[in-house]
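Nothing here was measured: the structure is a model prediction, and the numbers come from that model.
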Amino acid sequence: MSGPVSGGKGHAGVLPEWFGPHWWTGREAVLVAAALILLPLVLQRRVDSLRYTSAVSILLAAVFMLITMGIAIYTIFSGTAKMPRMLPDFSRLSSPFELFTAVPVIVVAFTFHFNVHPIRAELSKTSDMKSAVRISLVLCSVIYAAVGFFGFLLFGDATMPDVLANFDRSSGSGVPQALNDAARLSYALHLVLVFPLLHYSLRVNVDELLFPGGRPLATDTRRFVALTAALMAALYVLAIAIPSIWTLFQYTGSTFAVCISLIFPGAIVLRDVHGIAKRKDKAMAATMIILAVITSSIAIASNIMSSISGDEKGVRAVAS
């Protein structure tokens, strides 16, 4: 909305394009406005209260996918599409290692483990949780793959770490700017509606860490409001301090997300306190942990080298 800075080049956001550069179209003001819009949602005490906004967020993600697909198909038939590389660029020694930066980003996309228990606890039939997880994984896979494929087909080697930065007036896609704006607006609203679900589990876990054995958070209004305000303030500061979503996904994906998604579940299976894991399960868990540690270590090393050199070209090798 305010214009990300990606790949060393500034790209105007929706608001600066519509109204010009002003203080109220800048990153800080837009984040404050987003926080105010989010406030009624993050103050919900039951995850069940977010079911309708979550459904709308999925619809908006699908809208973003369809717009990206439509623009890509339009450019193909109009002859303005750029032929992307079909293979990674191995011209540099670090290129093979940069491919591992794709792993953290994909892991982040599929990390939702911390919301499984709160959602399952509020289902009328807890047995439906397995179907809900499978449906969620299928939806995420389809949308993720479609946006990645058509986005790279549309922008080719010019694809940026944050693909939303490509949908500005200099995208050169040859389609009405209204579609570019619709793509960004739909995804911005999608993120707004997804955030409360992530914040819900964050707040519950921080509360249990700081106040073990205390009253349930939902029944303690003072603690609930204070913790919500503190977390929102901390997240605002982090959002200002870390302007690149690519940098955030690289490091969180190769550390926290890998632990939550792969290492910790595998460790639980290996520990097997209930004695229900079979030898096949333990072998799979051990393999998962080893692969996660290896790929995460390579990704972290590659991220550090990229940060030192200030080079973000690795995303283009990842995209192909």
Side-chain angles (χ1 to χ4, degrees), residues 30-61 107-137 139-140 187-242 248 252-253 255-265 267-268 271 273-274:
V30 170
L31 282 172
V32 170
L36 293 176
I37 295 172
L38 284 167
L39 197 57
L41 298 177
V42 298
L43 288 175
Q44 299 297 320
R45 306 194 184 200
R46 287 175 54 87
V47 71
D48 180 68
S49 304
L50 301 172
R51 61 188 184 278
Y52 297 118
T53 55
S54 298
V56 174
S57 72
I58 294 174
L59 177 62
L60 289 170
V107 168
V108 170
F110 288 91
T111 299
F112 203 65
H113 301 53
F114 37 77
N115 267 343
V116 169
H117 292 296
I119 293 175
R120 182 178 184 273
E122 295 187 13
L123 286 176
S124 57
K125 292 176 57 179
T126 56
S127 58
D128 290 340
M129 193 64 222
K130 185 178 293 187
S131 299
V133 170
R134 289 174 177 172
I135 293 172
S136 299
L137 288 174
L139 284 174
C140 188
Y187 203 77
L189 185 55
H190 160 76
L191 293 176
V192 168
L193 297 179
V194 163
F195 178 86
L197 272 176
L198 304 177
H199 186 272
Y200 180 91
S201 287
L202 173 64
R203 180 175 53 210
V204 169
N205 282 278
V206 171
D207 177 72
E208 292 182 357
L209 181 66
L210 297 178
F211 307 101
R215 290 170 53 193
L217 182 60
T219 63
D220 192 331
T221 301
R222 181 179 298 178
R223 195 168 90 235
F224 179 86
V225 173
L227 189 56
T228 300
L231 288 175
M232 290 294 286
L235 293 172
Y236 177 84
V237 172
L238 288 173
I240 296 296
I242 309 175
L248 181 67
T252 59
T255 52
F256 305 120
V258 167
C259 290
I260 293 173
S261 302
L262 302 172
I263 296 178
F264 292 165
I268 291 173
R271 189 180 180 190
V273 293
H274 298 290

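Asn115 places a side-chain N or O within 3.5 Å of a backbone atom of Leu197 that can act as its donor or acceptor partner. Using modelled atom types, one side-chain atom of Arg223 and one backbone atom of Arg215 make a donor-acceptor pair closer than 3.5 Å. A distance-only check finds no donor-acceptor pair linking the side chain of Gln44 to the backbone of Ser49 [under 3.5 Å]. No donor-acceptor pair under 3.5 Å is formed between the side chain of Arg271 and the backbone N or O of Ile268.
For residues 124-136, no pair satisfies salt bridge (Lys or Arg N to Asp or Glu O under 4.0 Å), with sequence neighbours left out.
Pairing each heavy atom of Thr219 with each of Pro216, the nearest pair is OG1-O, 2.7 Å. Minimum heavy-atom separation, Val42 to Met232: CG1-SD, 4.3 Å. Taking all atoms of both residues into account, the shortest heavy-atom contact from Arg45 to Ala218 is NH1-O, 2.6 Å. Closest of all the heavy-atom pairs between Arg203 and Leu231 is CA-CD1, 3.6 Å. Contact between Leu193 and Ser57 at its shortest, heavy atoms only, is CB-CB, 3.7 Å.
With sequence neighbours excluded, the residues forming a ring pair (Phe, Tyr, Trp, His ring centres under 6.0 Å) with Tyr187 are Phe64, His190, listed by chain and number.
When side chains are defined from C-beta on, Phe110 does not count as touching Ser261, because their heavy atoms never get closer than 4.5 Å. Residues Ser136 and Phe112 form no side-chain contact, since every pair of their non-hydrogen atoms from C-beta on lies 4.5 Å or further apart.
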**Prompt:** After noting the C-alpha distance and the side-chain angles of Asp207 and Phe224, does the key distance pass the side chain to side chain contact (heavy atoms under 4.5 Å, CB included) rule?
**Reply:** CA-CA 9 Å; Asp207 177 72; Phe224 179 86; over 6 Å; no
**Message:** Show, in sequence, the C-alpha distance, side-chain angles and deciding distance for Asp48 and Arg51, and conclude whether the side chain to side chain contact (heavy atoms under 4.5 Å, CB included) test is met.
**Reply:** CA-CA 6 Å; Asp48 180 68; Arg51 61 188 184 278; 2.8 Å; yes
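Atom CZ of Phe256 has 12 or fewer heavy atoms from other residues, nucleotides or ligands within 6.0 Å.
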